[in-house]
Amino acid sequence: MRDLTELVEIKRRAERELLAKGNVRGVGVGYKKVGGRVTPELAIVVLVTRKIRPLEDVHPKDRVPPEIEGVRTDVVEVGLVRVPPPEEGGRRGRMRPAPGGCSIGHVRATAGTLGCLVRRGSERLILSNNHVLAATNLGAKGDYILQPGPADGGRVPEDGIAELSDYVRIDFGGENKVDAALARPFSPDLVAAEILEVGEPTGLKEPELGAEVVKSGRTTGLTRGTVDVVAATVEVLYGLERVRFVDQCVVAVPGFSAGGDSGAVVLLPESKRAVGLLFAGSEEATIFTPMGTVLGELRVEL
């Protein structure tokens, strides 16, 4: 039986052709589902906006082949994958000290989720997404970060909690690994190391297929799901622009996240080890980046 490493290489060889097909929004590796049940068979998972039936209604050039290099494919409907605006409800209030899982945002953004605290040298910094803390590349170091975020009533100066410290720019014309940014709290006592309903992260773990995970976000609070796809190349909508991300993970569980949960940390429920940073999704699925990649790109540690 072929292992995960071999399937990832096959996926990489095939993804350019697959992503060129109409309706395809991503390609990764996961366990094949048959009749809604997960099997032990590894497959090339093709993420589509919607499944079109019957197959005869799909143009021949846009049909996903049943197998690639002897590996079976699995077509998974994920809807419109995007960076959505924050939805109503959830944890929209002011919290001091501010924990992971609460509302936060750049003064020119809307609102997302405070992920967790990380370290760079002796500094403790807030981790979240670029589009949450840096207004999708528009922010400058020193800009006000509000808790709650502006969409949740945060105002300058009374709700200022931090200043933008650093971020990885999103490349709208190329490939991206992360949507991530850091903010420096104005005072250490303004933030807490705990994540709401989870506790303090205990360390780092590489996401594994089939692993049960949780996240605590501004909009939907504490939710549970499983890592259904790894090593995924996914095209995500930022407004009207399609942006490509590589080596991502997918939780194909409706309701795992919603608009405003961007920036939430994805963790293993028992050990509380962090496996990823959530940044995009749809009604059917959630996209997160492996936490090791995020920490490496920002040069920080938990």
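Being a predicted model, the structure only gives us computed values, none of them experimental. Quick note: residue numbers are just sequence positions, from 1.
Under the 4.0 Å criterion applied to side-chain N and carboxylate O atoms, Asp247 and Arg12 are assigned as salt-bridge partners. With respect to the salt-bridge test (charged N to carboxylate O, under 4.0 angstrom), the residues Glu200 and Lys272 do not qualify. A salt bridge is defined here as a Lys NZ or Arg NE, NH1 or NH2 lying under 4.0 Å from an Asp or Glu carboxylate O, and Arg299 with Asp166 meets this definition. A salt bridge links Glu69 with Arg13: the closest approach of a Lys/Arg side-chain nitrogen to an acidic carboxylate oxygen falls below 4.0 angstrom. Of the charged side-chain nitrogens involved, at least one lies within less than 4.0 Å of a carboxylate oxygen, so that Glu235 and Arg244 count as a salt-bridged pair. Arg94 has a carboxylate O that lies under 4.0 Å from a charged side-chain N of Asp159, or vice versa, which qualifies the two as a salt bridge.
Counting heavy-atom neighbours within 6.0 Å of Lys32 NZ, excluding the residue itself, gives a total above 12. Heavy atoms from other residues, nucleotides or ligands lying under 6.0 Å from CD of Glu67 number more than 12. Applying the 6.0 Å contact sphere to CD of Glu158 captures more than 12 heavy atoms from other residues, nucleotides or ligands. No more than 12 heavy atoms of other residues, nucleotides or ligands sit less than 6.0 Å from atom NZ of Lys141.
Glu208 pairs by the side-chain hydrogen bond (donor to acceptor under 3.5 Å, both in side chains) definition with Lys205, not counting sequence neighbours.
For the side chain to side chain contact (heavy atoms under 4.5 Å, CB included) with Ile170, the lone residue among Val83, Val178, Asp179 that qualifies is Asp179.
At a threshold of 4.5 Å between side-chain heavy atoms, the hydrophobic network of Ile, Leu, Val, Met, Phe, Trp and Tyr places Val213 and Ile195 in two separate groups. Hydrophobic clustering places Val251 together with Val48 (ILVMFWY residues linked when any side-chain heavy atoms are closer than 4.5 Å, directly or through intermediates). A continuous path of ILVMFWY side-chain contacts below 4.5 Å connects Leu127 to Leu204, so both sit in one hydrophobic cluster. Linking Ile, Leu, Val, Met, Phe, Trp and Tyr whenever their side-chain heavy atoms come within less than 4.5 Å leaves Val294 and Val275 in two separate clusters. No single ILVMFWY cluster, assembled from side-chain heavy atoms under 4.5 Å apart, contains both Leu117 and Leu125.
Counting only distance, with no hydrogens or angles, the side chain of Thr110 and the backbone of Ala151 share no donor-acceptor pair below 3.5 Å.
Distance check: Thr220 OG1 to Glu87 CD gives 8.5 Å after rounding to the nearest 0.5 Å. Here the CZ-OG distance, from Arg96 to Ser187, works out to 11.0 Å after rounding to the nearest 0.5 Å. Note: Leu4 CG to Lys11 NZ = 10.5 Å, rounded to the nearest 0.5 Å. Interatomic distance, CG of Leu190 versus CD1 of Ile145, reported as 13.5 Å (0.5 Å rounding). With rounding to the nearest 0.5 angstrom, the CG atom of Asp261 is 14.0 Å from the CZ atom of Phe288. Taken from CD1 in Ile10 to CD1 in Ile68, the straight-line distance is 9.0 Å, to the nearest 0.5 Å.
Contact detail for Arg224 and Val253: the closest heavy-atom pair is O-CG1, 4.2 Å.
Ring orientation note: the planes of Phe279 and Phe245 are tilted relative to one another, at an angle of 30° to 60°.
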Problem set entry | side chain to side chain donor-acceptor pair (under 3.5 Å) between Arg91 and Ser216, worked out | CA-CA 10 Å; Arg91 302 161 177 166; Ser216 180; 2.7 Å; yes
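If you check the side chains of Thr226 and Glu212, you find no donor sitting under 3.5 Å from an acceptor.
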